Amino acid sequence: MSPAIEQNVDLTKLNTFKVTAKAKEFTTIKAEMELLQLADYLAQYPEQKFLIIGGGSDVLFSEDYDGLVIHNCLYGIEPVGEDDDFYYVRAASGEDWHSFILRTLDANKPGLENLALIPGTVGGAPIQNIGAYGLEVAERIHSVEYFDLKTRQKKALSNEECDFGYRTSIFKKPEMKDAYITGVVFKLPKKWEPVINYKELREELQNCHAPALYPTDIYSAVVAIRKRKLPEPRKLGNAGSFFKNPILSKEDFFTLQERAPSVVAYPMAGGRYKVSAAWLIDSAGLKGIRMGDVGVYEKQPLIIVNYGQAYGEDIVAMAQDIRLRVKNYFGVKLESEVVIV
Ligand code: EPU
């Protein structure tokens with residue numbers, strides 16, 4: 001049996017940038033069993049390109065998609081065990097990320113609260129190893145399950161095998177292009193401790209006068225900061241940080257520092273430095289600029305927003321312009337975090 005395929009489907013509601021684009025073909029996956037049919041279909045049309053989307057929060061359609069868009073709608077959350085140190089919870093890849101965090105907090109299994117309000121789905125979280133306010137999701141992942149659309153096998157990768165790095169994982173590599181992530185098993189610490197090494201989060205928590213910090217305090221503080229600084233995709237199309245914070249070698253960083261003594265950067269393991277892309281864009285004078293319906297968000301210059309009817313290509317052009325100007329100003333290359341298709 002082949003999956004139900006629709007033609008010429010509008011993707012405006014399936015990308016948080018809210019750009020208008022169409023998929024030549026479109027299908028929805030609601031149960032893991034349907035992946036076998038999907039694999040059959042793809043085997044029948046090997047030249048067909050395909051794209052799996054969850055919440056559409058990390059893709060930018062620069063034009064209509066000339067292939068098959070697969071909308072992942074696998075749902076389900078369940079506890080899958082515990083040991084002395086952790087509760088293990090499995091979430092299917094189509095679950096909304098923020099709602100999943102709320103469920104774990106409700107179940108008294110905290111550990112993900114620093115990552116509240118990040119748009120997207122559970123399945124997207126490991127791909128780019130989402131992170132915010134001092135925590136990367138890799139620190140809470142036990143394993144990632146996927147279905148290989150080529151070999152038709154179901155597999156699981158341990159945390160180590162996922163090869164997580166700053167906003168990256170093995171799932172970004174070409175050899176994993178046939179991996180359809182079906183679920184993620186999280187390990188949530190039984191001896192919960194607040195993660196408060198991020199300065200802005202600590203400052204926010206100073207208003208909290210309780211004798212001890214609770215997971216919900218962290219949660220509320222993160223939500224408050226994000227609401228202040230980041231545009232809500234429902235109201236203003238965007239995909240969170242458009243660029244990654246560039247990582248420079250010690251030599252390159254010192255060269256940059258000579259040119260820009262007040263540059264904001266954080267030392268990393270191995271002697272390298274993570275430079276604030278927000279600072280670079282801001283200092284290149286680009287914060288708040290606008291071209292037609294595309295702009296650099298005035299409260300957080302890492303974010304490109306669609307003020308109305310922007311086309312994907314307008315956003316790509318703006319990103320290109322930012323990259324060029326930052327390169328000319330500071331000699332630093334910005335890489336996008338958003339996947340441009
Ligand atoms: N800054 C400026 N001008 C501004 C704003 C910020 O110069 O207008 C400088 C400040 O010095 C500030 C620094 O940039 O201290 C860092 O800013 P912020 O704390 O907002 O963090 P970020 O590096 O811009 C990263 C993640 C965000 C995540 C926040 C909080 C990346 C690419 N972005 O942003 O993730 O929420 O830290 O942890 O790593 C995302 O990936 O989509 C995302 C939103």
Side-chain angles (χ1 to χ4, degrees), residues 15-17 54-60 97-98 101 112-121 124-139 164-169 172 195-205 218-219 221-233 236-248 256-257 260-268 272-289 295-305 319 322-323 326 329-330 332-340:
N15 72 95
T16 59
F17 261 122
S57 58
D58 212 35
V59 286
L60 171 58
W97 176 253
H98 181 73
I101 295 184
L112 295 170
E113 53 286 345
N114 294 56
L115 306 178
L117 276 192
I118 295 182
T121 57
I127 300 177
Q128 61 149 347
N129 185 16
I130 57 171
Y133 305 104
L135 184 72
E136 283 186 351
V137 76
E139 294 168 65
F164 290 118
Y166 169 64
R167 292 296 187 278
T168 191
S169 75
K172 290 224 154 180
V195 177
I196 43 173
N197 46 326
Y198 203 82
K199 185 163 151 260
E200 204 181 352
L201 180 58
R202 271 201 315 274
E203 286 166 1
E204 185 75 23
L205 285 161
I218 310 287
Y219 170 83
V222 168
V223 167
I225 303 174
R226 291 190 76 102
K227 287 214 161 141
R228 262 202 318 269
K229 282 179 54 171
L230 309 178
E232 226 187 292
L236 208 53
N238 79 91
S241 300
F242 196 95
F243 300 104
K244 296 185 205 179
N245 287 322
I247 294 169
L248 301 186
L256 170 64
Q257 214 179 23
S262 56
V263 61
V264 175
Y266 315 90
M268 295 183 69
R272 298 189 300 164
Y273 285 81
K274 190 194 270 179
V275 179
S276 164
W279 186 91
L280 293 170
I281 298 169
D282 190 359
S283 308
L286 301 170
K287 186 155 137 177
I289 61 162
V296 172
Y297 194 54
E298 67 269 5
K299 294 185 209 152
Q300 170 48 282
L302 251 186
I303 297 177
I304 301 181
V305 289
I322 295 171
R323 223 178 259 124
V326 166
Y329 249 81
F330 298 110
V332 177
K333 265 201 193 141
L334 291 181
E335 251 180 66
S336 64
E337 185 183 304
V338 171
V339 178
I340 300 169

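Order of listing sets the numbers, starting from 1, for every ligand and every atom in it. In this text, all values refer to a predicted model and were calculated from it rather than measured experimentally.
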Identify the protein heavy atom lying closest to [atom], giving its residue, its atom name and the separation to 0.1 Å.
| atom | result |
| --- | --- |
| atom 41 (O) of ligand 1 | Glu337 OE2, 2.8 Å |
| atom 9 (C) of ligand 1 | Ser276 OG, 3.5 Å |
| atom 22 (P) of ligand 1 | Leu302 CD1, 3.9 Å |
| atom 23 (O) of ligand 1 | Asn245 ND2, 3.0 Å |
| atom 1 (N) of ligand 1 | Ala278 CB, 3.8 Å |
| atom 18 (P) of ligand 1 | Tyr198 OH, 3.4 Å |
| atom 38 (O) of ligand 1 | Tyr133 N, 2.6 Å |
| atom 17 (O) of ligand 1 | Gln300 NE2, 4.2 Å |

Distance filter under 4.0 Å to [X] heavy atoms, resulting ligand 1 atoms:
| X | answer |
| --- | --- |
| Tyr266 | 13 (C), 15 (O), 16 (C) |
| Lys287 | 4 (C), 8 (O) |
| Glu200 | 19 (O) |
| Val264 | 11 (O) |
| Lys229 | 18 (P), 19 (O), 20 (O) |
| Phe243 | 32 (C) |
| Pro301 | 4 (C), 5 (C), 8 (O) |
| Ala132 | 28 (C), 36 (O), 38 (O) |

(message) Testing the basics here: between Leu205 and Ala221, what is the closest heavy-atom pair and its distance to 0.1 Å?
(response) CD2-CB, 3.9 Å

(request) Specify the closest pair of heavy atoms between Tyr297 and Lys287, including all atoms of both residues, with the distance to one decimal. (result)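 Closest heavy-atom pair between Tyr297 and Lys287: O-CG, 4.1 Å.
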
(request) Please say whether more than 12 non-hydrogen atoms of neighbouring residues, nucleotides or ligands are located less than 6.0 Å from CD in Glu203. (result)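 Yes, CD of Glu203 has more than 12 neighbouring heavy atoms, counting only those of other groups under 6.0 Å.
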
(message) Less than 4.5 Å apart, side chain to side chain, heavy atoms only: is that true for Trp97 and Leu112?
(response)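 Sidechains of Leu112 and Trp97: in contact.
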
(message) Taking the side chain as everything from C-beta on, heavy atoms only, tell me whether Ile304 gets closer than 4.5 Å to Ile322.
(response)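 Answer yes - side chains close enough.
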
(message) Heavy atoms only, cut-off 4.0 Å: how does Tyr166 contact ligand 1, side chain, backbone, both, or neither?
(response) side chain

(request) Take atom 4 (C) of ligand 1 and look for protein heavy atoms under 4.0 Å from it; say yes if you find one, no if not. (result)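 At least one protein heavy atom is under 4.0 Å away.
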
(request) Run the salt-bridge test on Arg228 and Glu200 with the 4.0 Å N-O cut-off and return the result as yes or no. (result) no

Could you give the distance from [atom1] ([X]) to [atom2] ([Y]), rounded to the nearest 0.5 Å?
| X | Y | atom1 | atom2 | result |
| --- | --- | --- | --- | --- |
| Ile196 | Leu135 | CD1 | CG | 13.0 Å |
| Asn129 | Glu139 | CG | CD | 8.5 Å |
| Leu256 | Leu280 | CG | CG | 6.5 Å |
| Asp58 | Phe17 | CG | CZ | 9.0 Å |
| Thr121 | His98 | OG1 | NE2 | 14.5 Å |

(message) Using heavy atoms and a 4.0 Å limit, tell me yes or no: is Arg167 in contact with ligand 1?
(response)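 Yes.
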
(message) With the threshold set at under 4.0 angstrom, would you say Arg226 reaches ligand 1 through any of its heavy atoms?
(response)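 The answer is yes, since Arg226 has a heavy atom less than 4.0 Å from ligand 1.
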
(message) Considering both backbone and side-chain atoms of Asp282, is one of its nitrogen or oxygen atoms within less than 3.5 Å of a nitrogen or oxygen in ligand 1?
(response) yes

(request) Return yes or no for this condition: an N or O of Ser241 is under 3.5 Å from an N or O of ligand 1. (result)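 Yes; at least one N/O pair falls below 3.5 Å.
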
(request) Answer yes or no: is there a donor N or O on one side and an acceptor on the other, between the side chain of Asn245 and the main chain of Ala277, under 3.5 Å? (result) yes

(message) Tell me if a side-chain donor or acceptor on Ser336 pairs with a main-chain N or O of Phe242 at a distance below 3.5 Å.
(response)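 Pair absent, no side-chain N/O of Ser336 close to backbone of Phe242.
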
